[in-house]
2 protein chains.
Amino acid sequence: MDAAPPTGTQLLAVLAALASPHRLRIVAALAEGRSYVSELARRLQMNRPLLYMHLQRLEAAGLVVGTLETAPDGSSVKWFEVVPFALSLTPATVAAAVPTLEAGGSGKDEK
Amino acid sequence: MDAAPPTGTQLLAVLAALASPHRLRIVAALAEGRSYVSELARRLQMNRPLLYMHLQRLEAAGLVVGTLETAPDGSSVKWFEVVPFALSLTPATVAAAVPTLEAGGSGKDEK
DNA sequence: CCAGGGTGTCAGCATCTTCTGACAGGGGGG
DNA sequence: CCCCCCTGTCAGAAGATGCTGACACCCTGG
């Protein structure tokens, strides 16, 4: 149930999501345990809106998941945790993913 | 079998190098066999200067190697081939690499 | 001489991402 | 009342990146 070969587009999204110092740091921080936006922003010393954007990017790539938890007293806190992803990066896996790049419906010469 | 743990900076370079549709396509094309700049540009239908830049990026990240071969008749052809890299991408490997992230060689301090 | 194939580099433009400050709100407690 | 905690969204500056056409050069063959 793991290591399902990602489509080229999916692989690209993951790579693009991880290709940033801040986002790497965020993943590393979440790997040690869940946290919420404001707390994480304080720990990593970055603006909340900025961190918010990065978290959304990571979530869009499927690397982290966010859950808005509303406590019984009504206050809302959005918890983020890392998804136990695992992907192997080699010339072969890249070559296997590339043909499934782009829409994949038809058209091969798109430029 | 060189599973040497990459430094954060190194990992970031590889990820950034791979986070591009064109560059993924280039790696895939080279995975099927070596080629040289002009020929590859023709096959992938892109400008030579552009492909040249992408190849340099990939080479800087250590994913491909280029060798300028001067034939006995004097004509020069730069052959490129893919390096058999292999890196495992998981929350743990990211967390392990992040502490060795550098802010840019020297002097530059994080804000 | 001229056409053709190759490498390497450049200035400049179009475009995308990143980042910031300020805003909208929700709710709890002195 | 005011102050504190949290989420979510915005316009727009600032900067990095992708991309193009044109140029420099070398060598071979008609």
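Computed from heavy atoms alone, side chains included, the values below leave out hydrogens, waters and symmetry copies. Below, read A as the first sequence line, B as the second, and so on, with proteins coming before strands; counting in each chain starts at 1. If you're wondering where the values come from, they're calculated on a predicted model, not measured in any experiment.
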Looking at residues at least two apart in the chain, or sitting in another chain, which of them share a side-chain contact (heavy atoms from CB on, under 4.5 Å) with B:L12?
->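 Once residues adjacent in sequence are excluded, the partners of B:L12 under the side-chain contact (heavy atoms from CB on, under 4.5 Å) criterion are A:P21, A:L24, B:L101.
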Residues which pass side-chain contact (heavy atoms from CB on, under 4.5 Å) with B:A16, listed by chain and number, not counting sequence neighbours =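 By the side-chain contact (heavy atoms from CB on, under 4.5 Å) rule, B:A16 matches A:A19.
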How would nucleotides 5-10 of chain C be written as a contact map, 5' to 3', with B for base contact, S for sugar-phosphate-only contact and - for no contact, using protein heavy atoms under 4.0 Å?
-> -SSSB-
With sequence neighbours excluded, what pairs up with A:R48 under the salt bridge (charged side-chain N to carboxylate O under 4.0 Å, His left out) test?
->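 Salt bridge (charged side-chain N to carboxylate O under 4.0 Å, His left out) check on A:R48 returns nothing, list empty.
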Rounded to whole Å, please give me the gap between [atom1] in [X] and [atom2] in [N].
X: A:E59; N: D:dT7; atom1: CD; atom2: P; value: 13 Å
X: B:L44; N: D:dC19; atom1: CG; atom2: P; value: 13 Å
X: B:Q45; N: D:dT20; atom1: CD; atom2: P; value: 12 Å

Could I get the full list of side chain to side chain donor-acceptor pair (under 3.5 Å) partners for A:R34, not counting sequence neighbours?
->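 With sequence neighbours excluded, A:R34 shows a side chain to side chain donor-acceptor pair (under 3.5 Å) to no residue whatsoever.
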Mind checking what makes side chain to side chain donor-acceptor pair (under 3.5 Å) contact with B:E39, not counting sequence neighbours?
->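 Partners of B:E39 by the side chain to side chain donor-acceptor pair (under 3.5 Å) criterion, ordered by chain and then number, come out as B:S35, B:R43.
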Table please: side-chain donor-acceptor pairs of residues 60-80 of chain A below 3.5 Å, with sequence neighbours left out.
unit_1	atom_1	unit_2	atom_2	d
A:D73	OD1	A:S75	N	3.2
A:D73	OD1	A:S75	OG	2.9
A:D73	OD2	A:S75	OG	3.4

Could you name each residue pair satisfying side chain to side chain donor-acceptor pair (under 3.5 Å) that touches residues 49-63 of chain A, not counting sequence neighbours?
->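 Passing the test, one end in residues 49-63 of chain A: A:R23-A:H54.
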Check whether any side-chain N or O of B:N47 sits under 4.0 Å from OP1 or OP2 of D:dC19, and answer yes or no.
->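 No, no such contact exists.
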Return the minimal non-hydrogen interatomic distance between A:A28 and B:V94, and the atom names on each side.
->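 Where A:A28 meets B:V94 most closely, the heavy atoms are N-CG1, 4.4 Å.
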Would you list the protein and nucleotides 16-18 of chain D atom pairs, both N or O, that sit under 3.5 Å from each other?
unit_1	atom_1	unit_2	atom_2	d
D:dG18	OP1	B:R23	NH2	2.2

